[in-house]
Asker: 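Below is the structure I would like to discuss, written out as structure tokens.
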Amino acid sequence: MKTAASQRHTGRLRRHRRVRKKITGTADRPRMAVYRSNKHISVQVINDLDGTTIASASTVEPEQRKHGSGATVEAATRIGKLIGQRTKAAGITSVVYDRGGFLFHGRVAAAADAAREAGLEF
């Protein structure tokens with residue numbers, strides 16, 4: 001018998017695979033992928049055609065750990081602003097948002113909204 005946590009994880013992976021069938025990052029419009037754990041959030045901007053990461057930001061970074069917990073909406077907002085700045089610095093203005101099978105709510109939505117405020121278009 002599967003535990004509840006195992007079923008949630010399996011369901012998220014199913015949703016993520018279903019979303020990834022339809023989303024592909026290109027050089028002009030890369031994929032902005034979000035991963036949320038219980039303690040941290042990380043965001044990457046990925047060109048799937050080349051298999052390269054253009055920009056990334058995470059609450060695991062030493063300068064982000066100074067601000068406290070990485071499991072809050074405020075932390076997700078900081079990471080969203082940071083990824084927006086780093087992506088704009090790399091010359092990218094438009095991305096495809098990949099929520100990674102997570103609900104578009106809370107920290108996942110906060111990261112997206114902050115990236116939009118930083119100048120990225122979805």
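Along the sequence shown, the residues carry numbers beginning at 1. What you are looking at is a predicted structure, and each value in this text was computed from that prediction instead of being measured.
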Asker: Applying side chain to side chain contact (heavy atoms under 4.5 Å, CB included), run through E121 and T93 and close with a yes or a no.
Answerer: CA-CA 6 Å; E121 295 177 15; T93 58; 5.5 Å; no
Asker: Working to the nearest 0.5 angstrom, can you tell me the gap between M32 CE and S56 OG?
Answerer: 12.0 Å
Asker: Just to verify, what does Y97 make a ring pair (Phe, Tyr, Trp, His ring centres under 6.0 Å) with, not counting sequence neighbours?
Answerer: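 Y97 satisfies ring pair (Phe, Tyr, Trp, His ring centres under 6.0 Å) with F104, F122 once adjacent residues are dropped.
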Asker: Does the side chain to side chain contact (heavy atoms under 4.5 Å, CB included) test come out yes or no for E74 and H67, once each step is laid out?
Answerer: CA-CA 10 Å; E74 291 80 19; H67 297 290; over 6 Å; no
Asker: Any idea which heavy atoms bring P30 and S94 closest together, and the distance?
Answerer: CD-O, 3.5 Å
Asker: Which atoms form the tightest heavy-atom contact between T87 and A55, and what is the distance?
Answerer: OG1-CB, 3.9 Å
Asker: Side chain to side chain contact (heavy atoms under 4.5 Å, CB included) for V60 and K39? Distances and angles first, verdict last.
Answerer: CA-CA 9 Å; V60 180; K39 293 184 177 182; over 6 Å; no
Asker: Spell out, as yes or no, whether a donor-acceptor pair under 3.5 Å connects the side chain of R31 to the backbone of G25.
Answerer: no
Asker: Report yes or no: do Y35 and I83 belong to one cluster of Ile/Leu/Val/Met/Phe/Trp/Tyr joined by side chain heavy-atom distances under 4.5 Å?
Answerer: yes
Asker: Working to the nearest 0.5 Å, report the span between CZ of R29 and CD1 of I92.
Answerer: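 So the CZ of R29 and the CD1 of I92 are separated by 11.5 Å.
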Asker: Could you measure the distance from the CD1 atom of I41 to the CZ atom of R78? Nearest 0.5 Å is fine.
Answerer: 11.0 Å
Asker: Under 3.5 Å, side chain of R12 to main-chain N/O of G100, donor-acceptor pair present?
Answerer: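 At least one qualifying donor-acceptor pair exists.
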Asker: If you measure from CZ on R18 to CG on L13, what distance do you get to the nearest 0.5 Å?
Answerer: 11.5 Å
Asker: Nearest 0.5 Å please: distance from the CD atom of Q64 over to the NZ atom of K66.
Answerer: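 Answer for the CD-NZ pair, Q64 versus K66, is 9.5 Å.
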Asker: What is the minimum heavy-atom distance between R65 and T59, and which atoms define it?
Answerer: CG-O, 3.6 Å
Asker: Nearest 0.5 Å, please: how far is CD1 in I79 from NE2 in H40?
Answerer: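 Rounded to the nearest 0.5 Å, the NE2-CD1 separation comes to 10.5 Å.
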Asker: Can a donor-acceptor pair be found, under 3.5 Å and without considering hydrogens, that links the side chain of Q85 to the backbone of L82?
Answerer: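 Not at all, since once roles are kept as given, no pair shorter than 3.5 Å links the two residues.
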Asker: Linking I/L/V/M/F/W/Y whenever any side-chain heavy atoms sit under 4.5 Å apart, do I46 and V34 land together?
Answerer: no
Asker: Under the 4.5 Å side-chain heavy-atom rule for ILVMFWY, direct or indirect, which residues accompany I23?
Answerer: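 Reading the cluster by chain and number, I23 sits alongside V19, V96.
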Asker: Between D98 (side chain only) and A33 (backbone N and O only), is there a donor and an acceptor less than 3.5 Å apart?
Answerer: no
Asker: List the atom pairs, with distances to 0.1 Å, where a side-chain N or O of residues 105-120 and a protein N or O form a donor-acceptor pair under 3.5 Å, not counting sequence neighbours.
Answerer:
unit_1 : atom_1 : unit_2 : atom_2 : d
R107   : NH1    : S37    : O      : 3.1
R107   : NH2    : S37    : O      : 3.1
D113   : OD1    : R116   : NH1    : 2.9

Asker: Does NE2 in H9 sit with more than 12 non-hydrogen atoms of other residues, nucleotides or ligands closer than 6.0 Å?
Answerer: no
